[in-house]
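Structure, as structure tokens:
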Amino acid sequence: MTEDGPERYDPLAIEPSIAQRWYEQRTYSLRPPAGEPNDEQDVERFYALTMFPYPSGDLHMGHAEIFTIHDALVRHLRMTGRRVLNPIGWDAFGLPAENAARNRGADPKAWTYANIEEQRSTIVRLGYSFDWETVLYTCDPSYYRWTQWLFLELYDAGLAYRREALVNWDPVDQTVLANEQVVDGRGERSGAVVQRVPRTQWFFRITDYADELLEGLDDIDWPERVKNSQRAWIGRSEGAEITFKTAGDGDQPADEILVYTTRPDTIFGATYFVFAPEHPIVTERMEGDEDYAAFLEEVSHRSEIERQSGEGGGKRGYRLPFRVVNPFTNEEIPAFAADYVLMDYGTGAIMAVPVGDQRDFEFARQQGLEIRVIIHPTGPDGELLEELDADTMTEAYTGPGVMVNSGAYDGLPWDEAKERIIADVESKGWGTERVNTRLRDWLVSRQRSWGPPIPIVHCVECGEVPVPLEQLPVELPDDLDFQVQGSPLDQHPTWKHEADCPQCGDPRATRDIDTLDTFVDSSWYFLRYLSPEAEDRAWPPDAANRWLPVDQYTGGVEHAVLHLLYSRFVVKAMRDRGHLRADEPFQALLNQGQVIMDGASMSKSKGNLVVPGEVYDTYGADTLRGTMLFASAPEDDIDWADVSPTGMYKWLSRVWRLTIAEVDGATGAGPAVSEVVATALRRATAEAIVGASQDYDARKYNTAIAKLMTLTNAVLDATRGGESGPPVREALEALLTLLAPVCPFVTDELWQRLGHEGSVHDQSWPVADTSLLVQDEVQMVVQVNGKVRGRITIATDAAQSAVEAAARANEAVAGHLEGEVLKVIVIPNKLVNFVVRD
RNA sequence: GCGAGCGUGGCGGAAACGGCAGACGCGCUGGGUUUAGGUCCCAGUGGGGUUCACACCCCGUGGGGGUUCAAGUCCCCCCGCUCGCACCA
């Protein structure tokens, strides 16, 4: 460092104290103490939400990326006059705390809050302008009391219920999981192969809202791929339920079996019948059959992975000792139990049509079953393309066609046959048209102990009884032993016995020992932010009606189905209970890209972990923020190996030097900029304001920063001889306000160095003097046959004839105009193109 | 297998509407300042050809075809990569 040169840019000297001041003074709070968000009527409100962090350690680069994008958005909106609600909190319940307790003997609460404190100080240090009055922690009784209330609301509405079902059991995390938490047959968190086991568990009836969850996607501004993921997950299909009967065989009465099919038109091709192995009709009829019991045992032990990969023999089937009657043909067809039919989709039984379904086709070939052709392929105009041959076909035919061997329906196009058959099924009382979804009810109970206890008491006399609202919260004991086998809450010596039945007072009643999934906590936190300290209600309905839906939600794409689908369900259910009016929680969604390293995700085990602290301890938070936003568009991944914090640091240093020089020059009366330079600089300033504003509106922070760099270069050019003066000052002030959302510290500091009283963040967004952008002359490109051959400078909006004449007069162009000119195209103020015969 | 998205210099990335491809930055090369290194400042930087030089010419946005006066951008086919879903009847 030079001893007596101008003061250099030293972010570490200015950032921490500003950060601390913003935090302590609650600078960005919208809320008077202990109230709801300040809510004057005549303001434009904006609810900006970013996914709250999970406190499993300090903040990582991914958090810094999301928060930086979010904060630039929020600070920009504030400067454009919006009243922005920008809350923060912690998703503080969950398994990592419990694992730390089990493995290291830590107290989960202390562990969680220590991590929160570490994350909070990093968030403050990075200058994110959250409203520190609204902080919430999902593990705090003042929060989970209302999570329990939410459960009871759903229970009261019939949307929360307990039943036995085949569920996903994670043997490592020792708990059941929701379908959404099982990826490729493995637990999303633990990576363990999940087992399908029967258990009595709590569910939310999300399937009641399947249609609305699907249709609502059309009206929200989310990335198409997230909407597609949700559409696929909901998996709506249209078809029919049709009743089949088992063939009578004397002493045993015929059973009725419902099947679901999307292709009722192919019913004449049903040559066999398949039950899910656990189907009740089968288990009842096969009771005591050791052979079948062995098959059931074998199938239940095959993991999802084996079943899907086709390893270990593909589909497993068991020929049942009875037959089933096809209602349309009265034909008796063989019946199987097979693992390719799932008990929990449709009705758990299918009519198998090998000619029209690839799975049935494969199974039929494997078992040597008949493949009956009932359709011939047709083209776009209904013309016959070929005739299928059961002996030679190698795969099922699923395209359009015309019916054959289908009784009265022969000769009909398939879609018409489908309609007629459904109509006939209904008129004969054999079944109904039916819509089905892949979506199952949401399994919410967990055999874990760092979560909200389910507010239900089990009484020998009254059954399951909800805990009365005035007794909420059902608090977790703080002396759980996490070293025990199984659920610590269950093993606690007294906790579950502390409750008497709320209905009959029976002291033998016990608490439900399961807790709610963390996704229940996070499915409504954006509502609690509206009044985190309210003790008499979860949220005020009028505040919810004013602020919801969230105007902009930012966060990772990994929540495409889980959190984002659950939150949508909760909002719709709460709307129907009269607690709010919004149909959707999040109107717009932005998925930021990942921060990776050398093409791979960062992790300690890979040894490529870069943490935010390493960067801000060297270059400061402004450099970290600027680097992330300049590296790429918000949606794109950033490879940390490709980015250069030094480049950003050098630029900010230059901005610093230029501003300090202007301050010094103004007081020291250096030379003033010339008139010509002043005009050019003012135009550069106006261009930067216009360009950067458009980029901010489109959230293209990378190009906004590029335009600010261009303005910096213009200032540099103008002040090369030590000049200063109003045009320089205006350029720098515009630069600082336009940069403020990205680099809040250095801009605030320099703003004050320029002599301003208040904060740069309280300035309104600059407006350009657009008259400066109008120029007398423009440069136009001259092309011959589409190739650039020269340029002309000509009056703005010059007449076509004048433009053409000037272009012809251009020496470089003239040499290429020897052939016959067939056509001249003039794009005003841009380009002339001569079309010449070669 | 199905669905969606993406392919632009050595690198990250720019180019509403079809109208100068490569903004801005990194890196690199050369020069200046400095005792030196770093910092800072200046110039150059898609590939090829050609010229003493100013210039000039050709090629170029994964590959091939098409529409157009004009294509990174629109249409068709192919290749590659990434991400979802995946026995859902």
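Below, all heavy atoms of this structure are taken into account, side chains as well, without hydrogens, waters or symmetry copies. In what follows, chains are A, B, ... by sequence order, proteins preceding strands, each numbered from 1.
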Query raised in the report: Which class fits the ring pair Phe336(A) and Phe363(A): parallel under 30°, tilted 30 to 60°, perpendicular over 60°?
Result: perpendicular
Query - Interatomic distance at C1', rU8(B) relative to rG60(B), whole Å - result: 10 Å
Query raised in the report: Once you round it to whole Å, what is the distance between C1' of rA89(B) and CG of Leu439(A)?
Result: 17 Å
Query raised in the report: For Gln783(A), which contact category applies under a 4.0 Å heavy-atom criterion: base, sugar-phosphate, or nothing?
Result: base
Query raised in the report: Should the pair Glu224(A)-Arg231(A) be classified as a salt bridge under the 4.0 Å nitrogen-to-oxygen rule?
Result: yes
Requested in this report: Look at the side chain of Asp360(A) and the backbone N and O of Val353(A), then say whether any donor-acceptor pair between them is shorter than 3.5 Å.
Outcome: yes
Requested in this report: Tell me, please, whether Tyr340(A) has Lys315(A) positioned over its six-membered ring: NZ or CZ under 6.0 Å from the ring centre and within 45 degrees of its axis?
Outcome: yes
Requested in this report: Could you give the distance separating rG19(B) and rU61(B) at their P atoms, to the nearest angstrom?
Outcome: 16 Å
Query raised in the report: Quick one: which of rC26(B), rA89(B), rC20(B) gets closest to the side chain of Lys650(A)?
Result: rC26(B)
Report task. Tell me which of Thr261(A) and Ala633(A) sits closer to the 5' end of RNA chain B, going by the nucleotide each one is nearest to. Result -> Ala633(A)
Query raised in the report: Is it true that Arg683(A) and Glu687(A) make a salt bridge, defined as a side-chain N closer than 4.0 Å to a carboxylate O?
Result: no
Query raised in the report: Does Arg654(A) put a side-chain nitrogen or oxygen below 4.0 Å from OP1 or OP2 of rC41(B)?
Result: yes
**Report entry** Arg657(A) vs rC41(B): side-chain N/O to OP1/OP2 distance below 4.0 Å
**Finding:** yes
Query - Out of rC87(B), rC57(B), rG84(B), whichever nucleotide has its closest atom nearest the side chain of Lys315(A) - result: rC87(B)
Query raised in the report: Going by a 90° cut-off around 0, is rG9(B) syn or anti?
Result: syn
Report task. For Asp639(A), report the nucleic acid contact type (base, sugar-phosphate, nothing); a contact means any heavy atom under 4.0 Å. Result -> nothing
Query raised in the report: In dot-bracket notation, what is the pairing pattern of RNA chain B, taking Watson-Crick (N1-N3 plus N6-O4 or O6-N4) and G-U wobble (N1-O2 and O6-N3) contacts under 3.5 Å, with [ ] crossing and | for other strands?
Result: (((((((..(((......[....)))((((((.......))))))((((......))))..(((((..]....))))))))))))....
Query raised in the report: Testing Thr646(A), Leu624(A), Leu652(A) for side-chain contact (heavy atoms from CB on, under 4.5 Å) with Tyr619(A), which one passes?
Result: Thr646(A)
Report task. For rG64(B) and rG80(B), measure between their C1' atoms and round to the nearest Å. Result -> 15 Å
Query - Options rC20(B), rC69(B), rC17(B), nucleotide nearest the side-chain atoms of Lys830(A) - result: rC17(B)
Query raised in the report: Under the rule syn = chi within 90° of 0, otherwise anti, which is rC17(B)?
Result: syn
Query raised in the report: Which nucleotide in the set rA89(B), rC87(B), rG25(B) lies at the smallest distance from any side-chain heavy atom of Phe630(A)?
Result: rG25(B)
Query raised in the report: Between atom CD in Glu635(A) and atom P in rG13(B), what is the gap in whole Å?
Result: 12 Å
Query raised in the report: If we take the C1' atom in both rC77(B) and rA43(B), what is their distance in whole Å?
Result: 47 Å
Query - Euclidean distance for C1', rA21(B) against rG38(B) (whole angstrom) - result: 36 Å
**Report entry** Asn702(A) vs rA23(B): side-chain N/O to OP1/OP2 distance below 4.0 Å
**Finding:** no
Query - Rounded distance in Å between the P positions of rC75(B) and rC81(B) - result: 24 Å
Requested in this report: Among rG13(B), rC85(B), rC41(B), find the nucleotide with the atom closest to the side chain of Arg438(A).
Outcome: rC85(B)
Query raised in the report: Between Tyr701(A) and Tyr696(A), is the gap from one ring center to the other below 6.0 Å?
Result: yes
Query raised in the report: Which nucleotide sits closest to the side chain of Ala631(A): rA14(B), rC41(B), rG12(B)?
Result: rG12(B)
Report task. Name the closest nucleotide to the Ile350(A) side chain, picking from rC26(B), rC41(B), rA89(B). Result -> rA89(B)
Report task. State whether Lys787(A) places a side-chain N or O below 4.0 Å from either non-bridging phosphate oxygen (OP1 or OP2) of rC59(B). Result -> yes
Report task. Pick base, sugar-phosphate or nothing for Arg791(A), based on heavy-atom distances below 4.0 Å to the nucleic acid. Result -> base
Report summary line: Looking only at rC42(B), rA89(B), rA23(B), the nucleotide nearest the Tyr345(A) side chain is rA89(B)
Report task. For Leu831(A) and rA71(B), give me the distance from atom CG to atom P, rounded to whole Å. Result -> 12 Å
Report task. Among the candidates rC24(B), rC69(B), rC20(B), find the nucleotide nearest to the side-chain atoms of Val781(A). Result -> rC20(B)
Query raised in the report: Taking the C1' atom of each, how far is rG25(B) from rG3(B), in whole Å?
Result: 37 Å
**Report entry** Parallel, tilted or perpendicular: rings of Tyr345(A) and Tyr260(A) (30°, 60°)
**Finding:** perpendicular
Query raised in the report: Which pair of heavy atoms, one from Phe244(A) and one from Asn326(A), lies closest together, and at what distance?
Result: CE2-CA, 3.9 Å
Report task. Nearest whole angstrom, please: distance from the P of rC40(B) to the CG of Leu658(A). Result -> 12 Å
**Report entry** OP1 or OP2 of rG25(B) under 4.0 Å from side-chain N/O of Lys707(A)
**Finding:** no
Report task. Check the pair Asp441(A), Thr207(A) against side chain to side chain donor-acceptor pair (under 3.5 Å), reporting the backbone distance first and the verdict last. Result -> CA-CA 6 Å; Asp441(A) 279 340; Thr207(A) 51; 2.6 Å; yes
Query raised in the report: If each of Arg225(A) and Ser237(A) is mapped to the nucleotide of RNA chain B with the nearest heavy atom, which maps nearer the 5' terminus, i.e. the 5' end?
Result: Arg225(A)
Requested in this report: Could you state the atom-to-atom distance from CG of Asp717(A) to P of rC42(B) in whole Å?
Outcome: 8 Å
Report task. Look at all strands and tell whether Gly346(A) reaches a base, only sugar-phosphate, or nothing, counting heavy atoms closer than 4.0 Å. Result -> nothing
Report task. Taking atom C1' in both rA15(B) and rC87(B), compute the distance separating them and give it to the nearest angstrom. Result -> 47 Å
Query raised in the report: Between rG25(B) atom P and Ile638(A) atom CD1, what is the distance in whole Å?
Result: 18 Å
Query - Touch class at under 4.0 angstrom, heavy-atom based, for Arg789(A) against every strand present - result: sugar-phosphate
Report summary line: Picking from rC24(B), rC41(B), rG12(B), the nucleotide nearest the side-chain atoms of Ala706(A) would be rC24(B)
Query - Sidechain N-carboxylate O distance under 4.0 Å for Arg263(A), Asp357(A) - result: no
Report task. Tell me what Thr646(A) touches on the nucleic acid: a base, only sugar-phosphate, or nothing, going by heavy atoms under 4.0 Å. Result -> nothing
Report task. Give the rounded distance in Å between these two atoms: CG of Asn833(A) and C1' of rG18(B). Result -> 13 Å
Query raised in the report: Please give, in whole Å, the distance from rG12(B) P to Met709(A) CE?
Result: 17 Å
